[in-house]
Protein chains: 2
Amino acid sequence: MGATKSLEFSAKENRLAKYAKALAHPARVAILQLLAKKQACVCGDIVDELPLSQSTVSQHLKELKDAGLIKGDIEGAKVCYCIDEKEWKAAQSSLNQLFDSFKSGSNCC
Amino acid sequence: MGATKSLEFSAKENRLAKYAKALAHPARVAILQLLAKKQACVCGDIVDELPLSQSTVSQHLKELKDAGLIKGDIEGAKVCYCIDEKEWKAAQSSLNQLFDSFKSGSNCC
DNA sequence: TAATTATATCGCAATATTACGATTGATTTT
DNA sequence: AAAATCAATCGTAATATTGCGATATAATTA
């Protein structure tokens with residue numbers, strides 16, 4: 001055992017979990033902050049900003065890309081990473097939908 | 001190796017990652033949905049709603065509690081779980097802060 | 001074209017997560 | 001008091017994540 005029982009849950013729940021998982025590491029949060037502020041789009045610049053090796057950063061970038069939150073544009077030898085606006089908004093809305101489903105003061109205990 | 005280098009990142013980044021991690025599993029998303037809708041506060045009711053064993057659900061509840069998102073009230077032999085309103089809002093705000101730091105159309109590529 | 005630069009991927013080790021049955025320690029119920 | 005119920009924890013197995021060095025591949029520069 002140990003495999004996640006994803007199939008037992010709804011598509012919506014899995015989608016939300018997927019987005020959350022992408023944000024579930026401080027390095028990936030840091031990368032997204034950089035990209036959001038547009039201070040570093042090129043992979044190498046991101047590597048320079050983080051206390052991690054090139055290969056590790058590359059892996060985190062891949063995870064963010066797999067989650068759909070960012071996309072990479074090849075520019076010659078370099079790669080320019082950017083936030084995927086559409087998915088970014090989908091993720092935010094997905095998360096807020098959960099948060100907003102709780103009404104203030106409606107707690108049973 | 002393999003240990004997360006949390007200490008190399010800011011408190012803010014780690015806090016956001018901590019909240020995201022709590023939401024990074026469909027079972028925990030499902031639990032929070034239930035609690036938000038207040039249809040099931042008692043641990044046993046949550047177990048009945050999920051396709052997971054009692055011990056596994058208990059573990060997920062513990063993780064949500066450790067992240068601060070929920071709290072458990074002992075009511076005799078039962079335990080009533082509820083969303084922690086304060087942390088819930090803190091988590092939402094923390095996440096939205098990141099999402100809102102990206103301005104539409106400001107992409108470099 | 002050779003050397004350099006930029007990024008991705010492979011292989012591995014360490015650690016963390018997911019899941020469950022069994023057990024434990026409480027509270028209720030009988 | 002004995003039996004049943006509720007939920008946390010322990011132990012363990014399977015799987016996933018994190019991290020890095022080494023290597024591979026592609027583009028750029030000398």
Side-chain angles (χ1 to χ4, degrees), chain A residues 1-9 13-14 17-31 34-35 40-67 70-82 109, chain B residues 1-9 13-14 17-31 34-35 40-67 70-82 109:
Chain A
M1 272 134 232
T4 293
K5 284 181 139 185
S6 322
L7 296 173
E8 308 275 359
F9 297 95
E13 286 158 352
N14 275 296
K18 182 195 71 174
Y19 288 134
K21 200 178 229 172
L23 304 176
H25 192 288
R28 291 195 289 274
V29 172
I31 290 172
L34 284 174
L35 294 186
C41 255
V42 175
C43 176
D45 294 348
I46 299 168
V47 172
D48 291 343
E49 298 277 349
L50 298 188
L52 298 171
S53 76
Q54 181 267 321
S55 64
T56 301
V57 171
S58 192
Q59 204 175 291
H60 281 303
L61 286 167
K62 181 171 158 40
E63 275 165 71
L64 289 171
K65 214 164 67 176
D66 288 347
I70 66 171
K71 51 188 175 179
D73 242 51
I74 298 170
E75 292 191 348
K78 305 191 176 184
V79 175
C80 175
Y81 280 101
C82 291
C109 41
Chain B
M1 274 133 229
T4 292
K5 285 182 139 185
S6 323
L7 296 174
E8 308 276 358
F9 296 95
E13 286 157 353
N14 276 297
K18 182 194 72 173
Y19 289 134
K21 199 179 231 172
L23 304 176
H25 193 288
R28 291 194 291 272
V29 171
I31 290 171
L34 283 174
L35 294 186
C41 254
V42 175
C43 176
D45 295 346
I46 300 168
V47 171
D48 291 344
E49 298 277 349
L50 297 188
L52 298 170
S53 76
Q54 180 266 321
S55 63
T56 302
V57 172
S58 194
Q59 206 174 290
H60 281 303
L61 286 167
K62 181 172 159 39
E63 274 164 70
L64 289 171
K65 215 164 66 175
D66 288 347
I70 66 171
K71 50 187 175 180
D73 242 50
I74 297 171
E75 292 190 349
K78 305 191 175 183
V79 175
C80 175
Y81 280 101
C82 291
C109 40

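Note: hydrogens, waters and symmetry copies are ignored here, and every other heavy atom, side chains too, is used. Keep in mind that this is a model prediction, so the values were computed, not measured. Each chain gets a letter, A, B and so on, in the order its sequence line appears, and its residues count up from 1.
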The criterion is side chain to side chain donor-acceptor pair (under 3.5 Å); which residues satisfy it with Lys5(A), sequence neighbours excluded? none
Those residues at least two apart in sequence (or on a different chain) that pass side chain to side chain contact (heavy atoms under 4.5 Å, CB included) with Ala20(A) are Leu23(B), Ala24(B)
My understanding is that only residues two or more places apart in sequence, or in another chain, count here; which of them pass side chain to side chain contact (heavy atoms under 4.5 Å, CB included) with Thr56(B)? Leu52(B), Ser53(B), His60(B)
Answer yes or no: does atom NZ of Lys18(A) have more than 12 heavy-atom neighbours from other residues, nucleotides or ligands under 6.0 Å? yes
Within this structure, what is the [atom1]-to-[atom2] distance between [X] and [N], rounded to whole angstrom?
| X | N | atom1 | atom2 | answer |
| --- | --- | --- | --- | --- |
| Glu8(B) | dG19(D) | CD | P | 10 Å |
| Asp73(B) | dA8(D) | CG | C1' | 16 Å |
| Leu7(B) | dG19(D) | CG | C1' | 15 Å |
| Asp45(B) | dA7(D) | CG | C1' | 13 Å |
| Ile74(B) | dA7(D) | CD1 | P | 11 Å |
| Ile70(B) | dA7(D) | CD1 | P | 13 Å |
| Arg28(B) | dA16(C) | CZ | P | 15 Å |

Distance check: side-chain N/O of Ser53(B) vs OP1/OP2 of dC20(C), anything under 4.0 Å? yes
So, is Tyr81(A) close to the dA6(C) phosphate, meaning a side-chain N or O under 4.0 Å from OP1 or OP2? no
Per the salt bridge (Lys or Arg N to Asp or Glu O under 4.0 Å) rule, what does the pair list look like for residues 51-60 of chain B, sequence neighbours excluded? none
Between Val79(A) and Lys5(A), which is nearer to the 5' end of DNA chain C once each is assigned its nearest nucleotide? Val79(A)
Comparing Gly44(A) and Ala27(B) on DNA chain C - which has the more 5′ nearest nucleotide: Gly44(A)
Tell me which residues in residues 58-67 of chain A put a heavy atom below 4.0 Å from DNA chain D, sorted by number, or none. Gln59(A), His60(A), Glu63(A)
dist Cys43(A):SG -> Ile74(A):CD1 (nearest 0.5 Å) comes out at 11.5 Å
Give one of base, sugar-phosphate or nothing for Leu52(B), where a contact means two heavy atoms less than 4.0 Å apart. sugar-phosphate
Base, sugar-phosphate alone, or nothing: which one does Val42(B) contact when heavy atoms must sit under 4.0 Å apart? sugar-phosphate
Closest heavy-atom contact between Pro26(B) and Asn14(A)? CG-OD1, 3.4 Å
For a side chain to side chain contact (heavy atoms under 4.5 Å, CB included) check, start with the C-alpha distance between Ser58(B) and Lys62(B), then their side-chain angles and the critical distance, and finish with the verdict. CA-CA 6 Å; Ser58(B) 194; Lys62(B) 181 172 159 39; over 6 Å; no
Would you tabulate the nitrogen or oxygen pairs shorter than 3.5 Å linking the protein to nucleotides 22-30 of chain C?
unit_1, atom_1, unit_2, atom_2, d
dT27(C), O3', Ala77(B), N, 3.2

Taking Ala17(A)'s backbone N and O only, do any of them form a donor-acceptor pair with Arg28(B)'s side chain (distance below 3.5 Å, no angle check)? no
